Amino acid sequence: MGAHPPVKTKIPIPLAADGPISLDLTLRSGQVFHWDRQEDGSWTGVIGEAPVRVFEKSGVLQVNRDAAALARTYFSLDHPLEEIYAQFPSDPMSAEALGLCRGLRIIRQPRWECLATFITSSMKQVAHIRSMSLALRKAFGQPTKYGYTYPSPASMAAASEEALRACGLGYRARNLLATAGMVAGREFDLDAVAELETPVLREALLKLPGVGVKVANCVLLFAYERLDAVPIDVWIHRVLIAMRRGRGGTASQLARYARKNLGPYAGYVQQYLFHRARVSSKMAQ
DNA sequence: CGCCAGGGTCTCG
DNA sequence: CGAGACCATGGC
């Protein structure tokens with residue numbers, strides 16, 4: 001807590017010609033689960049070890065000075081949104097999703113945080129992933145001005161399965177513990193594998209306990225900048241079937257359909273479709 | 001209260 | 001390879 005002197009000066013981070021950003025959409029879209037929206041509309045949270053308070057107005061971000069560089073990278077302000085939108089599919093669902101989600105950006109997450117969080121995500125609602133993340137941070141992370149850091153692989157590997165279960169993980173505790181051990185012991189080097197081609201990297205990730213095709217694609221998209229990776233969860237599964245006019249299929253058939261029809265930024269399209277599906281579901285009730 | 005959730009893994013045909 | 005059973009938990 002005392003490591004960071006209070007910084008009251010906020011400097012604007014101007015956007016180049018890369019389009020807008022919406023913090024509300026980006027931080028509520030099921031990519032990250034540890035940000036808090038304040039009453040003044042700003043968001044507080046942690047990027048890596050750094051406490052961050054960030055505010056968006058008129059397409060410009062304001063952030064505490066010591067986190068400016070981190071925020072640029074984390075919020076992917078260099079992603080060419082207008083080019084991505086120009087490559088969006090023209091089907092009605094993708095077009096509607098784009099209309100709803102302009103400014104939603106795929107975040108560059110710290111690799112371990114992303115991998116571990118999505119190991120805990122299986123068969124869990126977004127709200128509960130959030131509560132598990134908070135419990136893990138409180139139990140094993142470090143406190144900062146704006147919340148807790150995400151626990152290191154070593155600190156999780158050193159924990160007991162019971163301590164992880166106490167954070168609400170259920171049967172996922174075993175997998176998280178095993179994967180934390182492999183990462184902490186350098187049996188799996190999260191940084192070294194970043195050099196691998198996407199299909200090879202995917203196969204490598206699939207060797208980790210608790211990582212199947214869906215979680216591997218989340219990690220590829222959110223932590224390794226593979227913007228063509230398409231995680232297919234229950235929501236996207238339903239969306240793809242609807243796109244195929246009710247025609248279902250096996251998981252691999254739907255994956256092939258997504259790869260052929262969602263364009264070069266299929267991961268972005270997927271994220272927009274995910275948000276659209278969840279919003280329209282809430283409206284329906 | 002019962003349903004469902006950003007699934008993975010193992011077994012069996 | 002594809003389909004089914006099972007796994008823990010809590011928001012809604």
Side-chain angles (χ1 to χ4, degrees), chain A residues 25-35 93 97 101 104-107 109 113-136 138-139 160-180 182 188 202-224 226-227 229-242 247-258 262 266-285:
Chain A
L25 286 170
T26 299
L27 293 175
R28 278 203 266 249
S29 62
Q31 303 181 63
V32 288
F33 307 89
H34 66 291
W35 289 84
M93 300 182 90
C101 299
L104 195 171
R105 287 173 184 263
I106 300 293
I107 293 175
Q109 293 184 42
E113 176 179 327
C114 180
L115 170 62
T117 300
F118 279 96
I119 285 175
T120 70
S121 76
S122 75
M123 291 301 293
K124 281 294 184 186
Q125 298 180 141
V126 169
H128 192 218
I129 299 170
R130 183 180 172 82
S131 79
M132 286 186 293
S133 169
L134 179 59
L136 288 167
K138 279 188 175 176
S160 68
E161 186 176 329
E162 288 67 31
L164 294 179
R165 279 178 180 265
C167 296
L169 298 191
Y171 61 87
R172 301 159 194 81
R174 179 183 174 84
N175 288 331
L176 182 57
L177 187 59
T179 293
M182 293 173 66
F188 191 99
R202 183 181 291 110
E203 290 307 311
L205 290 168
L206 287 174
K207 292 174 184 167
L208 296 169
V211 178
V213 174
K214 190 271 175 182
V215 169
N217 280 320
C218 282
V219 176
L220 286 169
L221 177 60
F222 299 139
Y224 287 96
R226 311 302 164 101
L227 299 184
V230 178
I232 300 180
D233 72 328
V234 293
W235 294 93
I236 296 300
H237 184 87
R238 288 192 289 257
V239 167
L240 291 174
I241 290 176
R247 187 164 53 95
T250 66
S252 64
Q253 286 175 317
L254 291 178
R256 192 179 322 126
Y257 177 86
L262 298 188
Y268 254 94
V269 178
Q270 170 277 149
Q271 196 63 21
Y272 283 35
L273 289 168
F274 177 74
H275 188 262
R276 172 193 170 279
R278 282 165 45 80
V279 167
S280 60
S281 167
K282 278 187 181 178
M283 301 298 284
Q285 48 179 332

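The sequence lines fix the lettering, A, B, ..., with proteins before strands; numbering per chain opens at 1. Fair warning: this is a prediction, and the values are worked out from it, not measured in the lab.
Atom CG of A:Leu176 and atom C1' of C:dA8 are 15 Å apart (whole Å). Here the C1' atom of nucleotide C:dA8 and the CG atom of A:Leu177 are 17 Å apart, to the nearest Å. When rounded to the nearest whole Å, the span between CG of A:Leu254 and P of C:dC1 equals 17 Å. Atom CG in A:Leu169 sits about 10 Å away from atom P in C:dG10, given to the nearest Å.
Within a 6.0 Å sphere centred on CZ of A:Arg28, other residues, nucleotides and ligands contribute more than 12 heavy atoms.
Taking atom P on both C:dA5 and B:dC4, the two are 16 Å apart, rounded to the nearest angstrom. Taking atom P in both C:dC6 and B:dG6, one finds a spacing of 24 Å when rounded to whole Å. C:dG10 and B:dT9 are spaced 22 Å apart, taking the P atom of each and rounding to whole Å.
With a 4.5 Å cut-off on side-chain heavy atoms, A:Leu206 and A:Val215 do not count as touching.
Under 4.0 Å is where a charged nitrogen must lie from a carboxylate oxygen, and between A:Lys207 and A:Glu203 no such pair does.
Although no hydrogens or angles enter the test, the distance criterion places a donor-acceptor pair under 3.5 Å between the side chain of A:Ser280 and the main chain of A:Ala277. Of the possible polar contacts, none joining the A:Arg165 side chain to the A:Arg174 backbone as a donor-acceptor pair under 3.5 Å is found. Between the side chain of A:Arg202 and the main chain of A:Leu220, no donor-acceptor pair closer than 3.5 Å is present.
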Scan nucleotides 3-8 of chain B nucleotide by nucleotide, 5' to 3', and note B when protein non-hydrogen atoms come under 4.0 Å of the base, S if they reach only the sugar-phosphate, - if neither. --BBBS
